[in-house]
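Below, chain A is the first sequence line, B the second, and so on; all start at residue 1. For clarity, every value in this text was computed on a predicted model and none was experimentally measured.
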Protein chains: 2
Amino acid sequence: MPAQQRADARRNHALILAVAEAEVAAHGADTSLEQVARAAGVGSATVRRHFPSRRALLDAVFQERAEALCARARALADTPDSRAALLTWLSDVTAYAASARGMATTLTYDEAHVSLCSTKLSDAADPLLRRAARDGAIAPDLTIADLLTLVTGIALATEHHRDPAAEADRLLALTVAGISPPASGRAG
Amino acid sequence: MPAQQRADARRNHALILAVAEAEVAAHGADTSLEQVARAAGVGSATVRRHFPSRRALLDAVFQERAEALCARARALADTPDSRAALLTWLSDVTAYAASARGMATTLTYDEAHVSLCSTKLSDAADPLLRRAARDGAIAPDLTIADLLTLVTGIALATEHHRDPAAEADRLLALTVAGISPPASGRAG
DNA sequence: TTGCCAAGTGGCGGGGTCCTCCGTATCGTA
DNA sequence: TACGATACGGAGGACCCCGCCACTTGGCAA
């Protein structure tokens with residue numbers, strides 16, 4: 001028996017992933033699986049076999065994006081200002097989620113089916129959060145999950161805006177600052 | 001010619017709306033128009049004639065909910081603590097949006113097609129915001145649109161959570177407070 | 001009251017997607 | 001080379017959206 005997977009299966013997996021990536025970039029995250037299959041020149045059943053649900057496919061598509069964000073988190077771990085590091089990372093995540101239509105949707109579902117994307121992100125960003133908390137730079141009871149949920153929420157709510165990225169960034173700043181007047185002068 | 005609309009059309013409109021309400025409450029906001037038509041015992045074309053898109057239908061369904069929230073806003077306008085009034089109203093909106101699946105989605109699209117729901121809500125809540133701003137109880141550059149967007153974002157992001165209402169309320173509190181440590185002691 | 005006609009209705013068909021099943025081609029091994 | 005498990009892809013059913021069109025019904029006018 002084959003060790004893991006047949007060669008053609010591996011090939012198709014990669015092919016479908018690449019095609020899906022292009023398709024999502026071109027036509028948004030609500031592309032039909034049929035369309036992906038057609039573009040890849042394979043049967044729709046094959047797509048479905050490799051990625052049981054649309055979410056599974058999107059998850060795979062966005063995984064490398066998520067990987068980039070993880071790397072960013074690791075890079076920011078050495079920045080002197082721990083609060084700024086966290087905020088910068090959040091801003092990056094927001095920018096990604098706002099620009100890549102459907103990434104927010106993918107992250108949203110992580111409660112139900114555990115999403116690889118989301119858990120990886122959480123794991124990578126956790127040191128950032130813990131460092132900031134240790135420095136007393138953020139509220140001590142914050143969790144990465146909360147922050148990610150807020151960010152994806154912002155991305156979802158601004159998805160149909162004229163300029164999603166700008167709007168999302170604005171709202172992120174607002175969330176970070178809170179709604180109180182800037183009494184003690186600390187800003188985002 | 002008839003003044004406005006024929007009697008049977010009016011009847012059907014009301015019937016479909018009622019059925020849709022029940023259907024959405026029972027099976028979520030992604031119910032198909034066909035399903036609504038079937039449940040109402042009318043042809044699918046009739047549903048489509050009264051409500052051109054699914055969003056139009058949802059909009060109509062949630063309009064009375066929105067009306068309740070508007071009334072709430074008016075009632076809160078006389079509360080002594082202007083900040084608390086605004087926060088209470090936001091919490092109410094969050095609760096509604098989190099419990100009524102799909103209401104958040106409806107509110108989200110207001111940028112593109114102007115949603116009656118959303119504009120009504122904004123108009124009703126504007127006095128609340130302005131009063132709080134005048135009292136210096138909130139950041140002066142806040143807008144109702146921003147707050148509604150944040151709330152709907154929270155609702156969207158927590159929709160698939162185990163306990164959406166509780167989670168949404170938690171995140172709203174977090175958003176209100178901001179992520180900074182509670183230095184000067186002011187809480188939500 | 002009766003007749004007319006536009007407003008309103010409902011069903012049909014085309015196009016599309018999702019999803020499953022199953023015969024068949026292909027890969028990897030003996 | 002031959003065999004068996006693995007993977008493929010197309011067919012087909014169920015569903016949905018959407019536009020079209022012949023028919024019915026409600027309300028005004030004679």
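- Separating the NE2 atom of B/H13 from the P atom of C/dA7 is a distance of 18 Å, rounded to the nearest angstrom.
- Residues B/R74 and B/E67 are paired through a salt bridge, judged by an N-O separation under 4.0 Å between the basic side chain and the carboxylate.
- Residue B/R6 places none of its side-chain N or O atoms closer than 4.0 Å to OP1 or OP2 of D/dT25.
- In this structure, the side chains of A/T88 and A/R72 come closer than 4.5 Å at one or more pairs of heavy atoms.
- Both A/D8 and B/S53 lie near DNA chain D, and the one whose nearest nucleotide falls closer to the 5' end is A/D8.
- In this structure, CZ of B/R10 is placed 16 Å from C1' of C/dT9, rounded to the nearest angstrom.
- Contact annotation: B/R38 side-chain N/O to D/dC16 OP1/OP2 distance is under 4.0 Å.
- As judged by a 4.0 angstrom heavy-atom cut-off over every strand, B/A45 is placed among the base-contacting residues.
- As a whole-Å value, the separation of A/Q35 CD from C/dG15 C1' is 14 Å.
- In this structure, B/H13 and B/H50 have perpendicular ring planes: the angle between them is above 60°, well past the 30° mark.
- If you take CZ of A/R55 and C1' of C/dC19, they are 18 Å apart, rounded to a whole angstrom.
- Checked by distance alone, B/R49 brings no side-chain donor or acceptor within 3.5 Å of a matching partner on the base of D/dG19.
- Side chains of A/T94 and A/D169: no donor on one and acceptor on the other come within 3.5 Å.
- Which of C/dG28, C/dT17, D/dG9 sits closest to the side chain of A/V42 comes down to D/dG9.
- Two residues are said to be in side-chain contact when any heavy atoms from C-beta on lie closer than 4.5 Å; B/R83 and B/L86 fail this criterion.
- As a whole-Å value, the separation of B/Q5 CD from D/dT25 P is 18 Å.
- We find that CG of B/L33 is positioned 16 Å from C1' of C/dG16, with the value rounded to whole Å.
- For the pair A/H50 and D/dC8, the criterion of a side-chain N or O lying under 4.0 Å from OP1 or OP2 is met.
- OP1 and OP2 of C/dG11 both lie 4.0 Å or more from every side-chain N or O belonging to B/R48.
- The residue among B/R11 and A/S44 whose nearest nucleotide of DNA chain D is located toward the 5' end is A/S44.
- A close approach under 4.0 Å does occur between a side-chain nitrogen or oxygen of B/N12 and OP1 or OP2 of C/dT9.
- Listed nucleotides: D/dC16, D/dG27, C/dT17. Nearest to the side chain of B/E34: D/dC16.
- Set against D/dC17, C/dC18, C/dT9, the side chain of B/A9 has C/dT9 as its closest nucleotide.
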